[in-house]
Amino acid sequence: MLLTGKTAVVTGGSRGIGLAIVKRFLEEGANVALCGSRPETAQKAVESILAENPDAPVMGISPALADESELESAFHEVAEHFGGKLDIVVNNAGISQSTPLGDYTPEEFDSIIDINVKSVLNGCQAASRVLEEGGVIINTSSMVSKMGQPSGVGYPMSKFAVNGITISLARELGPRGIRVNAVAPGVTATDMVASLPEEMIKPIADAIPMKRVGRPEDVANAFVFLASDMASYVTGAVLPVDGGMTV
Ligand code: NAD
């Protein structure tokens, strides 16, 4: 058990990669607060976990990721709920975009910056106020932060920014003993990808050196490593989990 006694918050923890991180953290002995965008989605995810393991130390919260002070209060409440301090903050919530440049609207640029960049920064700022020495921040980046994508420039733009936040804050918070890293998943079979027909998945998988798309658990395992003391001297890393796509 790599995370025994640790308390973690995972934003975007109600489904997809975030839910897989929540489940793996619980398996490794952590107490976990998962954030949903609404109280109902957070509660539904908590209930699905409790249905499998009624004793799981999990709670659902839904702070506005756009509001740093609300996040900070939520982080304090989570620490209090689990009777100790907060150790791990995962800023995972995000959206993607695929709009061609000519069709982009200012509102679309704003929304991807608000959710994928400002929310991550807010989560890091709130974490920096609550975490103590030994604390860990992990942000979800993407393989497109290395290779771009052919349409929807806002998405890789936002993930380049996530890498910038991660690397800079590793330097700023390192002297306080707080590690800051990112995981950069490749194509991962969350609900949206997993529901695509085989003929759409195959050409995607064929382009990946490992010849398959990632499973949410593949990605979640990298978060476990970075959150654990196994990574005690790792900070400022952007760890690819993409089957070799960006090699
Ligand atoms: P998903 O759509 O299944 O989950 C996204 C999560 O973010 C949900 O829990 C959702 O509630 C939350 N969220 C979105 N907007 C929010 C908002 N405004 N306020 C609060 N919560 C909000 O997607 P996913 O594939 O699990 O993606 C999770 C992260 O992984 C994202 O940052 C995404 O960019 C990144 N990522 C995904 C892939 C992939 O192939 N699935 C690849 C690379 C990176």
Side-chain angles (χ1 to χ4, degrees), residues 1-36 42-61 74-94 120 123-124 126-127 130-141 166 170 173 177-186 188-190 214-243:
M1 301 267 259
L2 291 171
L3 304 176
T4 302
K6 307 264 190 201
T7 294
V9 172
V10 180
T11 74
S14 63
R15 60 171 195 250
I17 290 172
L19 184 59
I21 297 168
V22 170
K23 289 180 175 173
R24 285 292 294 115
F25 278 14
L26 287 166
E27 283 167 7
E28 294 295 337
N31 308 309
V32 186
L34 66 82
C35 303
Q43 198 46 40
K44 201 171 150 214
V46 166
E47 280 163 16
S48 75
I49 290 168
L50 292 177
E52 288 168 22
N53 176 4
D55 298 325
V58 62
M59 68 186 288
I61 56 175
F75 291 176
H76 279 300
E77 280 164 28
V78 169
E80 215 167 281
H81 177 84
F82 289 115
K85 59 184 178 38
L86 183 63
D87 303 284
I88 303 156
V89 171
V90 174
N91 296 302
N92 166 74
V120 171
C124 289
V130 178
L131 294 176
E132 299 172 11
E133 185 170 354
V136 182
I137 299 170
I138 314 173
N139 301 320
T140 306
S141 180
T166 302
L173 301 179
I178 296 173
R179 297 186 294 106
V180 188
N181 291 294
V183 174
T188 309
T190 52
R215 295 179 286 256
E217 298 71 29
D218 294 322
V219 178
N221 284 333
F223 282 83
V224 169
F225 165 67
L226 290 171
S228 77
D229 293 341
M230 298 277 285
S232 55
Y233 199 50
V234 180
T235 195
V238 179
L239 178 59
V241 184
D242 59 11

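- For the atom pair NE2 (H81) and CD1 (I61), the distance works out to 10.5 Å, reported to the nearest 0.5 Å.
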Check against side chain to side chain contact (heavy atoms under 4.5 Å, CB included), V10 and F223:
CA-CA 11 Å; V10 180; F223 282 83; over 6 Å; no
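- Distance check: I17 CD1 to D218 CG gives 10.0 Å after rounding to the nearest 0.5 Å.
- At least one side-chain heavy atom of I49 sits under 4.5 Å from a side-chain heavy atom of K23.
- Annotation: the span from I138 atom CD1 to I21 atom CD1 amounts to 7.5 Å, rounded to 0.5 Å.
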Take F25 and V90 through the test side chain to side chain contact (heavy atoms under 4.5 Å, CB included) and record every step on the way to the result.
CA-CA 11 Å; F25 278 14; V90 174; 3.9 Å; yes
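- Separating the CG atom in N91 from the OG1 atom in T11 is a distance of 5.0 Å, to the nearest 0.5 Å.
- Partners of R24 by side chain to side chain donor-acceptor pair (under 3.5 Å), not counting sequence neighbours, listed by chain and number: E27, E28, N221.
- The side-chain heavy atoms of D242 and P185, taken from C-beta on, include no pair separated by under 4.5 Å.
- Residue L34 holds its CG atom at 7.0 Å from CG of L19, rounded to the nearest 0.5 Å.
- One finds no salt bridge joining R179 and D229 here, because no Lys/Arg side-chain nitrogen approaches an Asp/Glu carboxylate oxygen to under 4.0 Å.
- Here the straight-line distance linking atom CG of L50 with atom CD of E47 works out to 7.5 Å at 0.5 Å rounding.
- Judged by distance alone, with hydrogens and angles left aside, the side-chain atoms of S228 form a donor-acceptor pair with the main-chain N or O of M230 at under 3.5 Å.
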How far apart are the C-alpha atoms of V136 and V180, what are their side-chain angles, what is the distance that settles it, and do they pass the side chain to side chain contact (heavy atoms under 4.5 Å, CB included) test?
CA-CA 6 Å; V136 182; V180 188; over 6 Å; no
